[in-house]
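Heads up, the thing below is written out as structure tokens.
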There are 2 protein chains.
Amino acid sequence: MSAENWLEQLHDNGYRVTGARRAVVDTMYGLTRALTPTEVHETARKKYRALGLVTVYRTLEKLEELRLIQRVHQPMGCQAFIPAGIGHQHLLLCKNCGEVVFFEGDDLDALTTAIAKKTGYKIEEHWLQLFGLCANCRE
Amino acid sequence: MSAENWLEQLHDNGYRVTGARRAVVDTMYGLTRALTPTEVHETARKKYRALGLVTVYRTLEKLEELRLIQRVHQPMGCQAFIPAGIGHQHLLLCKNCGEVVFFEGDDLDALTTAIAKKTGYKIEEHWLQLFGLCANCRE
DNA sequence: TACTTAATGAAAATGTTTTTCAATAACGAA
DNA sequence: TTCGTTATTGAAAAACATTTTCATTAAGTA
Ligand SMILES: [Mn+2]
Ligand SMILES: [Mn+2]
Ligand SMILES: [Zn+2]
Ligand SMILES: [Zn+2]
């Protein structure tokens, strides 16, 4: 997996590989901290000066559609994106520096079964997110 | 607990009880489905015609500050509000009709301990949200 | 190389939230 | 009850965020 592979995936899905898209992909690939569209624009413009914010929105949209990136929900806002986890994973975020770590292995079956029985709902999905301080930030 | 009690809490915290705030409180109190500021405005205006959207924003801000309402995060957007749960609770949402149910009793201690050890994070909070279909909406 | 057309950036449009401000009304003090 | 202070209000403007429009450009293919 590499930034080049993301571009291939764009290409394989009928999208053209342009300078603008390269800059956005290079910016997003490998990120461990979520960036908003504006932040992506600021960063990617260092690599491709003419880049328009509109193109950032359009490219993020396509990367999300291909499940290469995903939106991150936080108390402060829900517009930021990071590279997507593979399969069913959840996020752990550092409240101080914003670093994002994926984890898996949660087992919520017992819980969802119990809640389903109690409420009469058919439970289909869950969102689980942990917040804390990373090793660096917990002084 | 009643809408009147919410108004008392506003008053007890130094805020004045006005017609506009009554309309917003009456709209929010007892809701089982999250409403956006615009939806609150539309609904509350039936009770208080002159109500401005700005006042809705300002009142929701205060109700959130007093922890009488809380923001609901959903795939489609994160601007809607419902009456807040009491203490540590989580949400179960119907994907079809939007009905919201609180639940508690999740025990994530084993999980958070394991993740903390693995990642080196000090975990302080968690968000857990379930999505599904309510008894009415599952055909 | 040439052609087709997806992709682009600028500008305008749309939508949402915040700020400003003069008028109003809540409410404690008298 | 009346009065005075001042928090609250709605309208309008401003600030932001996102989407649409459109003429121009350039990616990919033949
Ligand atoms: Mn899970
Ligand atoms: Mn919990
Ligand atoms: Zn950190
Ligand atoms: Zn339902």
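Quick caveat: nothing in here was measured; it's all calculated off a predicted structure. FYI, side chains are in, hydrogens and waters are out, and symmetry mates aren't considered; it's all heavy atoms of this structure. Here is how names work: the chains are called A, B, and so on, in the same order as the sequence lines, proteins then strands, and each is numbered from 1.
Taking B:Asp106 as the reference, B:His90, B:His126 meet the side chain to side chain donor-acceptor pair (under 3.5 Å) condition, with sequence neighbours excluded.
One atom, CD of B:Gln79, and another, C1' of D:dC16, lie 14 Å apart when rounded to the nearest Å. Distance CG (A:Asn13) to P (D:dA27): 19 Å, rounded to an integer number of Å. Atom CG of B:Leu53 is separated from atom C1' of D:dA14 by 15 Å (rounded to the nearest Å). Distance A:Asp12 CG to D:dT29 P: 11 Å, rounded to the nearest Å. Spacing between atom OH of B:Tyr15 and atom P of C:dG28 amounts to 16 Å, rounded to whole angstrom units. Rounded to an integer number of Å, the gap from B:Leu10 CG to D:dT8 P is 9 Å. Separating the OH atom of A:Tyr48 from the P atom of D:dA26 is a distance of 7 Å, rounded to the nearest angstrom. If you measure from atom CD of B:Glu61 to atom P of D:dT9, you get 12 Å, rounded to the nearest angstrom.
With hydrogens and angles ignored, no donor-acceptor pair under 3.5 angstrom links the side chain of A:Arg16 to the base of C:dA7. The base of C:dG9 lies close enough to the side chain of A:Arg58 for a donor and an acceptor atom to sit less than 3.5 Å apart.
Cluster annotation: B:Val72 and B:Phe81 are assigned to distinct hydrophobic clusters (Ile/Leu/Val/Met/Phe/Trp/Tyr, side-chain heavy-atom contacts under 4.5 Å, transitive).
Nearest-nucleotide mapping onto DNA chain D: of A:Val54 and B:Val56, the residue sitting toward the 5' end is B:Val56.
Here the side chain of A:Val17 is nearest to one of C:dA26, C:dA7, D:dG28, namely D:dG28. Distances were taken from every side-chain heavy atom of A:Tyr57 (C-beta onward) to each of D:dT18, C:dA10, C:dC27; the shortest belongs to D:dT18.
For A:Lys47, the NZ atom sits in a packed shell: over 12 heavy atoms of surrounding residues, nucleotides or ligands are nearer than 6.0 Å.
Between A:Trp127 and A:His73, the distance separating the two ring centers is shorter than 6.0 angstrom.
Using a 4.0 Å heavy-atom criterion, one finds that B:His11 contacts the sugar-phosphate atoms exclusively.
Side-chain N/O atoms of A:Arg21 include one lying less than 4.0 angstrom from OP1 or OP2 on C:dT8. For A:Thr18 and C:dA6, the shortest distance from a side-chain N or O to OP1 or OP2 is not below 4.0 Å.
Using a 4.0 Å cut-off between a side-chain N of Lys or Arg and a carboxylate O of Asp or Glu, B:Glu124 and A:Arg138 do not qualify as a salt bridge.
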